[in-house]
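The structure appears below as structure tokens.
In what follows, every chain begins at residue 1, and chains take the letters A, B, ... in the order their sequences are listed. FYI, side chains are in, hydrogens and waters are out, and symmetry mates aren't considered; it's all heavy atoms of this structure.
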Number of protein chains: 2
Amino acid sequence: MSEFIQTIPRQRKPRGHGSERKAEILAAATRIFLQEGVAGATMRRIASEVGVSPTALYVYFPDKEAILEAIAQAWFFELLGVLQASQANQTSVEGAFRAGLRAYVEFGLARPDSYRLTFLSRPDNRDGKLPCDDIPEADYSFAVLQSGVEAMMQAGQFRPGDSTAIAETIWAALHGLTVIVIDQAEHLKTAPNRLIEQMLDMVVRGFG
Amino acid sequence: MSEFIQTIPRQRKPRGHGSERKAEILAAATRIFLQEGVAGATMRRIASEVGVSPTALYVYFPDKEAILEAIAQAWFFELLGVLQASQANQTSVEGAFRAGLRAYVEFGLARPDSYRLTFLSRPDNRDGKLPCDDIPEADYSFAVLQSGVEAMMQAGQFRPGDSTAIAETIWAALHGLTVIVIDQAEHLKTAPNRLIEQMLDMVVRGFG
DNA sequence: CTCATGACTGAACGCTGTTAGCTCAAATGA
DNA sequence: TCATTTGAGCTAACAGCGTTCAGTCATGAG
């Protein structure tokens with residue numbers, strides 16, 4: 001009798017040690033998200049991927065939003081690396097500047113769902129909070145752009161001006177291009193690469 | 001007995017005549033949407049606003065997406081009017097061009113939820129269809145922009161070039177600015193109006 | 001060895017969009 | 001005028017969602 005009870009498979013998944021389980025949840029959520037998009041990344045789906053009940057997720061994250069925000073943060077972290085890598089083998093200031101902008105758009109296009117998740121507000125959360133809020137890496141990324149603008153000014157390629165306002169304007173333009181290529185690619189008559197180059201030309205000439 | 005039955009208030013709302021009921025649903029949906037955002041505009045909420053059961057909506061619209069698309073179409077129709085109005089009292093080609101671009105962004109900012117609904121894909125619908133797809137007014141709006149670009153070329157304010165590609169680039173930049181001001185206003189250090197003017201300068205100089 | 005902690009569970013709540021099956025008023029044809 | 005067809009409306013339900021509650025039970029501490 002007692003040995004029969006022992007042969008019953010344990011229903012409960014043993015607890016993870018340290019931050020092991022949290023990382024496991026995040027990895028599963030990221031995997032599902034990248035493969036099936038936001039809509040596929042439900043709490044129940046993530047939990048079943050981890051092999052845990054949906055309630056267990058709430059031990060490590062206050063709500064679904066927090067999981068998505070963690071994914072967005074990881075995306076920003078990667079973006080920083082890509083931006084840095086884009087500066088390698090660049091000899092001229094303008095070349096480095098253009099490479100950075102190009103890298104931003106291309107990184108967004110390479111992972112459209114991540115880009116949407118990070119920047120585009122979802123219908124729920126009326127308070128307007130975005131995953132990219134309160135992520136320090138977001139500020140770092142902007143600082144990279146702004147210092148690029150200042151380098152362009154010092155090199156005489158850009159007229160003097162408010163580097164913050166100019167960087168924000170440029171970011172808006174790049175962001176728009178990324179979003180539009182992601183969501184409206186089939187409506188565009190121009191190839192994405194051509195649009196990117198045209199955008200870079202407009203930026204460089206526009207502030208030069 | 002029979003008169004008692006007759007005094008029971010009719011549960012069923014009498015049918016509308018012609019396209020009356022459909023317009024009524026659309027009006028209710030638009031009203032709720034503008035006041036409470038996408039999240040508030042649920043099928044049950046819309047139906048109760050009309051005074052009808054949720055199922056009745058499916059007589060007039062195949063699904064919720066169709067209702068939202070109809071709202072987006074109305075938004076585009078309004079946009080066309082605003083773009084046209086912006087051309088009044090403009091004496092110079094460049095003045096008219098700038099006025100049109102400015103009107104686009106400001107119209108988006110004036111109705112942020114509508115702008116999001118129209119252009120920003122929602123997490124559901126993995127097939128990537130947007131409400132702005134298959135709306136003729138969208139093509140007209142783009143044509144307005146493109147003809148503005150061509151007018152600028154003919155006036156010698158823009159270098160000769162592919163007006164389609166240039167118009168798409170400009171639209172991307174304007175779109176990005178609109179989206180960013182809508183969603184990230186609190187993160188921006190520059191006032192929206194200043195960003196708009198800076199963007200217009202960049203565009204005009206960039207292609208001039 | 002006992003006890004407290006907290007990671008985990010199943011069941012449930014209140015939502016959501018959508019569908020099936022029914023009712024019944026109005027329009028139509030004889 | 002009356003029978004029949006049509007289709008607009010209904011209730012009830014399904015499957016899924018995020019989230020919460022109350023309980024369980026392995027584990028580490030004293």
key: Base of dG10(C) paired with side chain of Thr55(A) (donor-acceptor, under 3.5 Å)   = yes
request  = Provide the closest heavy-atom pair for Phe97(B) versus Ile170(B) in the form atom of the first, atom of the second, distance.
outcome  = CZ-CD1, 3.9 Å
remark   = Separation of dG6(C) atom C1' from Leu57(A) atom CG, nearest Å, is 16 Å
message = Side-chain N or O of Tyr60(A) versus OP1/OP2 of dC8(C): is the shortest distance under 4.0 Å?
response = yes
note = note: Tyr58(B), atom OH; dC10(D), atom C1'; distance rounded to Å ~ 15 Å
request  = Report the distance from atom CG of Asp63(B) to atom P of dG17(C), rounded to the nearest whole Å.
outcome  = 11 Å
query = For the side chain of Arg44(A) and the base of dG16(D), is some donor closer than 3.5 Å to an acceptor across the two?
reply = no
ask   = Nearest to the side chain of Thr42(B), which nucleotide is it out of dT19(D), dG17(C), dC10(D)?
value = dG17(C)
note = Those residues at least two apart in sequence (or on a different chain) that pass salt bridge (Lys or Arg N to Asp or Glu O under 4.0 Å) with Glu78(B) are Arg111(B)
message = Show every side chain to side chain donor-acceptor pair (under 3.5 Å) that has at least one partner inside residues 198-208 of chain B, sequence neighbours left out.
response = Arg98(B)-Asp201(B)
query = Are Arg21(A) and Glu24(A) ion-paired here, with the side-chain N under 4.0 Å from a carboxylate O?
reply = yes
request  = Could you check Ala56(B) against Lys64(A) and say which one's nearest nucleotide on DNA chain D is further toward the 5' end?
outcome  = Ala56(B)
query = Rounded to whole angstroms, how far apart are CZ on Arg45(B) and P on dG14(C)?
reply = 19 Å
request  = Starting from C1' on dG9(D), measure out to NZ on Lys22(B) and report it in whole angstrom.
outcome  = 17 Å
key: Spacing of Leu68(A) atom CG relative to dT19(D) atom C1', expressed in whole Å   = 15 Å
request  = Write down the distance between CD1 (Ile67(A)) and C1' (dC17(D)), rounded to a whole number of angstrom.
outcome  = 14 Å
Parallel, tilted or perpendicular: ring planes of Tyr115(B) versus Tyr104(B), cut at 30 and 60 degrees = perpendicular
query = Between dG17(C) atom C1' and Ile46(B) atom CD1, what is the distance in whole Å?
reply = 11 Å
ask   = Distance check: side-chain N/O of Ser53(A) vs OP1/OP2 of dC8(C), anything under 4.0 Å?
value = no
inquiry  = Closest approach to the side chain of Arg21(A), judged atom by atom: which nucleotide of dT11(D), dA11(C), dC8(C) is it?
reply    = dC8(C)
